> 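A single structure is presented below for examination.
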Amino acid sequence: MKKLILFVLLVGGICFAQAQKIKGDASCLKGQSKINIMVVYDGVTYDGDSEAKYLKEEDKAKDPEWKAAWTSTFRTEKWSPRLIKDLNKEISSKKMECGDFADAAYTVIVNIKDIDPGTFAGPMSVPCKISGNVAFVKTNEKTPFATIEFKGISHNGFFMTPVIEDRVAEAMSCVGEMIGKNISKIK
């Protein structure tokens with residue numbers, strides 16, 4: 001029983017074990033009530049392959065509606081909102097909020113570089129893993145004053161779903177948690 005509990009705690013903490021730390025000085029975010037956020041999918045690869053190759057090999061992509069949703073609706077209505085929701089949960093105690101705030105002094109840019117969608121195989125399922133980076137910038141500027149690199153952030157292995165877009169949403173949730181935890185630590 002003790003081994004089972006230890007295993008559950010280990011797997012349940014997978015989002016945080018892979019979390020990276022902020023590099024640079026993000027202390028200017030302290031005291032900000034609103035922070036703009038952008039989630040960028042430009043040039044994203046899927047398990048190292050181009051999106052075109054991934055969609056060519058994915059059975060669901062034969063459905064034109066699903067294929068269109070993969071590059072638009074899933075990103076704008078499912079994945080990015082999930083990241084932002086869980087990021088905001090982590091920073092709520094700091095009386096901060098990230099969202100579409102173009103007039104905010106600072107912007108968090110989350111660049112999603114690679115999504116390994118994982119596989120569904122019952123108890124042998126492989127969770128989705130996401131890699132990318134986060135840049136903290138003054139709004140309307142390009143040079144970051146702080147960054148976070150992350151690789152292989154994945155959701156809890158017990159969340160086994162046959163639906164690819166849901167696995168990605170779960171992993172995006174963990175990316176949001178990781179960013180929020182880092183912002184919460186700013187002194």
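Treat the numbers as computed from the prediction; the structure is a model and nothing was measured.
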> State the CE-OG1 distance between Met38 and Thr139, to the nearest 0.5 angstrom.
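Reported value, rounded in 0.5 Å steps: 9.5 Å.
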> Taking Glu165 first and then Arg82, would you say they form a salt bridge - that is, a charged N and a carboxylate O separated by under 4.0 Å?
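Salt bridge absent between Glu165 and Arg82.
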> For Ser50, what residues pass the side-chain contact (heavy atoms from CB on, under 4.5 Å) criterion, not counting sequence neighbours?
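So Ser50 forms a side-chain contact (heavy atoms from CB on, under 4.5 Å) with Ala52, Lys53.
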> If I compare all heavy atoms of Glu90 with all of Glu177, which pair ends up nearest, and what's the gap?
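Closest pair (atom of Glu90, atom of Glu177, distance): CG-O, 3.7 Å.
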> Under the side-chain hydrogen bond (donor to acceptor under 3.5 Å, both in side chains) rule, collect the residues that match up with Thr76, sequence neighbours excluded.
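If we apply the side-chain hydrogen bond (donor to acceptor under 3.5 Å, both in side chains) test to Thr76, skipping adjacent residues, there are no hits.
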> Does one hydrophobic cluster hold both Ile35 and Val137, with members joined at side-chain heavy-atom distances below 4.5 Å?
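Looking at the clustering, Val137 is in a separate group from Ile35.
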> With sequence neighbours excluded, tell me which residues meet side-chain hydrogen bond (donor to acceptor under 3.5 Å, both in side chains) with Asn36.
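Asn36 satisfies side-chain hydrogen bond (donor to acceptor under 3.5 Å, both in side chains) with Thr107 only.
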> For residues Lys34 and Ala104, report the shortest heavy-atom separation together with the two atoms involved.
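Of all heavy-atom pairs spanning Lys34 and Ala104, the closest is O-CB, 3.5 Å.
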> Looking only at heavy atoms, what is the nearest atom pair of Cys128 and Val168, with distance?
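Here Cys128 and Val168 meet closest at SG-CA, 3.7 Å.
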> Is Glu57 atom CD crowded by more than 12 heavy atoms from other residues, nucleotides or ligands, each under 6.0 Å away?
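Yes.
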> Search all heavy atoms of Ser154 against all heavy atoms of Lys129 and return the closest pair with its distance.
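Closest approach of Ser154 to Lys129: CB-CG, 3.8 Å.
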> Atom NZ of residue position Lys138 - does it have more than 12 heavy atoms of other residues, nucleotides or ligands inside 6.0 Å?
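No - once you tally the heavy atoms of other residues, nucleotides and ligands closer than 6.0 Å, there are 12 at most.
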> Name all residues meeting the side-chain hydrogen bond (donor to acceptor under 3.5 Å, both in side chains) criterion together with Lys185; count only those two or more places apart in sequence or in a different chain, and write none if there are none.
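For Lys185, no residue satisfies side-chain hydrogen bond (donor to acceptor under 3.5 Å, both in side chains) once neighbours in sequence are set aside.
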> Between Ala121 and Ser125, which heavy-atom pair has the shortest distance, and what is it?
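Smallest interatomic distance, heavy atoms only, reads N-OG, 2.9 Å.
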> So, Arg167 side chain and Pro117 main chain: donor-acceptor pair closer than 3.5 Å or not?
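Yes.
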> Could you pull out all residues at least two apart from Lys78 that satisfy side-chain hydrogen bond (donor to acceptor under 3.5 Å, both in side chains)?
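side-chain hydrogen bond (donor to acceptor under 3.5 Å, both in side chains) list for Lys78, sorted by chain: Asp166.
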> Looking at side-chain heavy atoms only, is the closest gap between Met172 and Val39 below 4.5 Å?
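Heavy-atom side-chain distance check passes, below 4.5 Å.
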> Using a 3.5 Å distance criterion without hydrogens, assess whether the side chain of Asn88 forms a donor-acceptor pair with backbone atoms of Glu97.
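Not confirmed, Asn88 side chain does not pair with Glu97 backbone.
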> Is the shortest heavy-atom distance from the side chain of Phe136 to the side chain of Pro144 under 4.5 Å?
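Of all side-chain heavy-atom pairs linking Pro144 with Phe136, none is under 4.5 Å.
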> List in chain and number order the residues that pass side-chain contact (heavy atoms from CB on, under 4.5 Å) with Asn133, two or more places apart in sequence or in another chain; answer none if no residue qualifies.
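Expected list: Asn111, Lys113, Glu149.
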> Can you tell if the side chain of Trp79 reaches within under 4.5 Å of the side chain of Ile112, non-hydrogen atoms only?
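No, too far: nothing below the 4.5 Å cut-off.
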> Indicate if Leu29 and Ile109 have the same hydrophobic cluster label, given that clusters are the connected sets of ILVMFWY residues with side-chain heavy-atom separations under 4.5 angstrom.
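No; Ile109 is not reachable from Leu29 via cluster members.
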> Please round to the nearest 0.5 Å and tell me the distance separating atom CD1 of Ile179 and atom CG of Asn182.
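If I round to the nearest 0.5 Å, the distance is 8.5 Å.
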> Does Val175 belong to the same Ile/Leu/Val/Met/Phe/Trp/Tyr cluster as Tyr41, with side-chain heavy atoms less than 4.5 Å apart forming each link?
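Both belong to a single hydrophobic cluster.
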> For Lys60 and Asp63: C-alpha separation, side-chain torsions, deciding distance, then whether salt bridge (charged side-chain N to carboxylate O under 4.0 Å, His left out) applies.
CA-CA 6 Å; Lys60 283 185 170 186; Asp63 174 10; over 6 Å; no
> Hey, does Val108 have a side-chain heavy atom less than 4.5 Å from the side chain of Val134?
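When only atoms from C-beta onward are counted, Val108 and Val134 do touch, with a gap below 4.5 Å.
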> According to salt bridge (charged side-chain N to carboxylate O under 4.0 Å, His left out), who are the partners of Asp42, at least two apart in sequence or on a separate chain?
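Asp42 satisfies salt bridge (charged side-chain N to carboxylate O under 4.0 Å, His left out) with no other residue.
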> Under the rule for ring pair (Phe, Tyr, Trp, His ring centres under 6.0 Å), what residues qualify as partners of Tyr54, not counting sequence neighbours?
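For Tyr54 the ring pair (Phe, Tyr, Trp, His ring centres under 6.0 Å) partners, ignoring immediate neighbours, are Tyr46, Trp70.
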> Show me the pairs that pass ring pair (Phe, Tyr, Trp, His ring centres under 6.0 Å) and involve residues 88-117, at least two apart or across chains.
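For residues 88-117, and leaving out neighbouring residues, the ring pair (Phe, Tyr, Trp, His ring centres under 6.0 Å) pairs sorted by first residue read Tyr106-Phe145.
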> State which residues pass salt bridge (charged side-chain N to carboxylate O under 4.0 Å, His left out) with Lys89; sequence neighbours excluded, sorted by chain then number.
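Checked Lys89 against salt bridge (charged side-chain N to carboxylate O under 4.0 Å, His left out); matches are Asp86.
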> Following the transitive rule for hydrophobic clusters with a side-chain heavy-atom cut-off under 4.5 Å over Ile, Leu, Val, Met, Phe, Trp and Tyr, establish whether Phe74 and Leu83 coincide in one cluster.
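Yes.
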> Residues in side-chain contact (heavy atoms from CB on, under 4.5 Å) with Thr119, at least two apart?
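Only Val126 meet the side-chain contact (heavy atoms from CB on, under 4.5 Å) criterion with Thr119.
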> Got a second to check how far Ile183's CD1 is from Met96's CE, nearest 0.5 Å?
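Reported value, rounded in 0.5 Å steps: 6.5 Å.
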> Got a sec, which residues hit side-chain contact (heavy atoms from CB on, under 4.5 Å) with Asp25, two or more places apart in sequence or on another chain?
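side-chain contact (heavy atoms from CB on, under 4.5 Å) list for Asp25, sorted by chain: Ser27.
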> Testing the basics here: between Ala146 and Ala26, what is the closest heavy-atom pair and its distance to 0.1 Å?
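Smallest heavy-atom distance, with atoms named: CB-CB, 4.0 Å.
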> Calculate, to the nearest 0.5 Å, the distance between atoms CG and OG belonging to Asp114 and Ser131 respectively.
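The CG atom of Asp114 sits 5.5 Å away from the OG atom of Ser131.
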> Report the distance from atom NZ of Lys181 to atom NZ of Lys21, rounding to the nearest 0.5 Å.
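Answer for the NZ-NZ pair, Lys181 versus Lys21, is 11.0 Å.
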> Tell me whether Met178 shares a hydrophobic cluster with Ile22, the cluster being built from Ile, Leu, Val, Met, Phe, Trp, Tyr side chains joined at under 4.5 Å.
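Linked within one cluster.
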> Can you measure from CD1 (Ile130) to OG (Ser173) and round to the nearest 0.5 angstrom?
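So the CD1 of Ile130 and the OG of Ser173 are separated by 9.5 Å.
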> Under 3.5 Å, is there a donor on one side chain and an acceptor on the other for Trp66 and Glu58?
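The criterion, which ignores hydrogens and geometry beyond distance, is not satisfied for Glu58 and Trp66.
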